[in-house]
Amino acid sequence: MIQAPKGTRDILPSEIHKWQFVEKAFRKLCDSFGYKEIRIPVFEHTELFQRGVGDTTDVVQKEMYTFQDKGGRSITLRPEGTAGVVRSYIENGMASLPQPIKLFYDITAYRYENVQKGRYREFHQFGVEAFGAAGPAIDVEIISILYMFFERLGLKKTGLNINSIGCPKCRSVYHEKLKEYYKPHLSELCGNCRERFDRNPLRLLDCKETGCKRFVSGAPSLQDYLCDDCRAHFEGLKSGLDNLGIEYGVDPGIVRGLDYYTRTVFEFISENVGTQGTICGGGRYDGLVETCGGTPTPGIGFALGVERLMMELESQGIVIEEPPAPDLYIATMGQKASDFAQQMVYKLRSCNVGAETDLMSRSLKAQMKYADKKGFSYTIVLGDNEIESGKGVLKDMRNGEQKDVSLDSILDRLKNQCK
RNA sequence: GUGGGUUUAGCUCAGUUGGUUAGAGUGCCAGGUUGUGGCCCUGGAGGUCGUGGGUUCGACUCCCAUAACUCACCCCA
C-alpha cells in the first residue's frame, strides 16, 4: 500500500471546518488592516532562496527540496514565503505603487527535516509582508495584526517576545564583543557552539546545552551595542506597542535563524506545541530587497505556522463549531418517488437548501439511518401515495415530531426556515 | 545527521512459557414479516500480524536487519 510521504498529512473532511475557520478569520483580519492577498508559485529558482534566505542557514544547506527540471533549471519547493514575495515585489514593479505595499499569503511550504510534534515536511503558513516603510510604526502594525488575531481566536497564554538584533553596522561591533567574551571559555562550549562562534556568534545565546547556558547571563547584551538609529527604532517599537496596549516581553535570546533579519525580531510563544513553541515568528529585513536584486527597500513581515496554531487552539480548549446540519433528506420508495425526489432536491439546492436523497436504492430503514448519522434536520418519506396525493409527512429528526405538509410547500418552507 | 518509544481489522486494543482456522469493542453493510432514524438482537464483509531475512517440526510470540509512525537533539513556522 502506498502511504502519504513522510511529513505530509491529509486534512480530512472531519477537520476541514477548523482550517476554513482560521483561514477565514485571518483573511478578514488582513482585509481590515489593508493587506491584500498575494499568491506566489510553489517552486522558485533555487538561487532565490540561496540569496534570500541565506546560503549559510540550515534551511538552505540541508532542508530544501531541490531538483532539476527537464529544462536543466535548478528548482526548489519554497521553504518559506518571504523570498518569493520579495521576488514578486521586485519583478512586478510594486515600488511604483502607492507605498507602503501591504501583502498577505496563505501557503504551503516544504522543508526536508525529521518530523516531530508541530513540524512537518509540508506545512502551512499564514504570512504578512510590508515594503517601503522604514520607521517603527509599521513594525507595530504588523505585530498588532498577530496580537489581534490571537485575541479574536480566544488564545490566552500565547506570549509575545520582541528583540532587536541591530543592523549590519552595530551587529558587527557586537559580534566582536561577544567573541571577546566567549573566547576564554571556548573549550568549555559544546561542539555546535564552537562552530557558531565563527559562523554566527549570535546563536551562542540561545544554545540549550546547560554547559553553554551558564555563560549567557554574563554575556554582553546586544541592547548595549545598538547604534543610535537602531536604538531609536527599538524604542519607537516599544512605545508604539505600549500605545496600543499590546503586552510584550523583551527577550534578548530571540535570534532568528534566517539571514535576512535586521533590527526588529519577534515571536509568539506557546508551551503547548512541544519544543516547537514558536507559533509565529517574524521581523524586519531591510536588506532583503536589495539582496534579491531590487533597489534598497525596507521590509518587515511574519510567518505563522498553521499546524502549530491548530494545536494551540486545541490545547487551550477552544472549540471551533462544526458546520450547520444539512436541512432535508428525502427518503424514497420506488422509481417514481426517486425521480420525483431528485427533481425536488435539485430545486432545493438551487435555493441553497442542503438536501439529499437516496443514491443507492437502499431500504427505507437504511435511508433513515443514513439521514440520522449525517445529522439531517428534517426527513420526508416519498412513495406512490405521496406522489399521487401531493402530500407527505415532514419529520423533525431532532425531536421526532411529524407534520403533514404539501410537497409544493416544502421548498418555500425550507427557504425560510433553514437559511 | 543522531537517539528513545511504537507498529495485530477503517479506528481503539487483547493475544498465555512458541502449538489447530488470529480475537474483542467500535465503525461499515445487511436482516429482525418489504412505510420511518436513535436503543436492543442476529448475521456479514474486512487482517500476507509494518516489511525482509534467520532460529524452530512449528513464529503474532524469539533473534537480526529495514521501513513507517511518534517524541527529542539541531533548526525553524
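Naming convention: chains lettered A, B, ... in sequence-line order (proteins, then strands); numbering from 1 in each chain.
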Quiz prompt | Secondary-structure string, 5' to 3', Watson-Crick or G-U under 3.5 Å, | for another-strand partners, for RNA chain B | solution = (((((((..((((.....[...)))).(((((.......))))).....(((((..]....))))))))))))....
Indicate, with a heavy-atom threshold strictly under 4.0 Å, whether [X] touches base, sugar-phosphate, or nothing.
X      : result
A:E122 : nothing
A:G127 : nothing
A:F376 : nothing
A:E113 : base
A:A371 : nothing
A:G7   : sugar-phosphate

Practice problem: In plain terms, say whether A:R39 and A:E37 are close enough for a salt bridge, that is, a side-chain N and a carboxylate O under 4.0 Å apart. | Solution: yes
Exercise. Taking the six-membered ring for Trp and the single ring otherwise, decide whether the centroids of A:F149 and A:F26 are under 6.0 Å apart.
Key: yes
Self-check item: Along RNA chain B (nearest heavy atom to each residue), the more 5'-positioned of A:P79 and A:N385
Solution: A:N385
Exercise. Indicate whether OP1 or OP2 belonging to B:A72 is found under 4.0 Å from a side-chain N or O atom of A:Q116.
Key: yes
Quiz prompt | Interatomic distance, A:M311 CE vs B:U70 P [rounded to whole Å] | solution = 10 Å
Quiz item: Separation of A:K62 atom NZ from B:U2 atom P, in whole Å?
Solution: 12 Å
Restricting to nitrogen or oxygen on both sides, can you table the protein-nucleotides 29-31 of chain B pairs closer than 3.5 Å?
from	atom 1	to	atom 2	distance (Å)
B:C29	OP1	A:R362	NH1	3.2

Exercise. Indicate yes or no for a side-chain donor-acceptor contact from A:Y65 to the backbone of A:P79 under 3.5 Å, with no hydrogens or angles considered.
Key: no
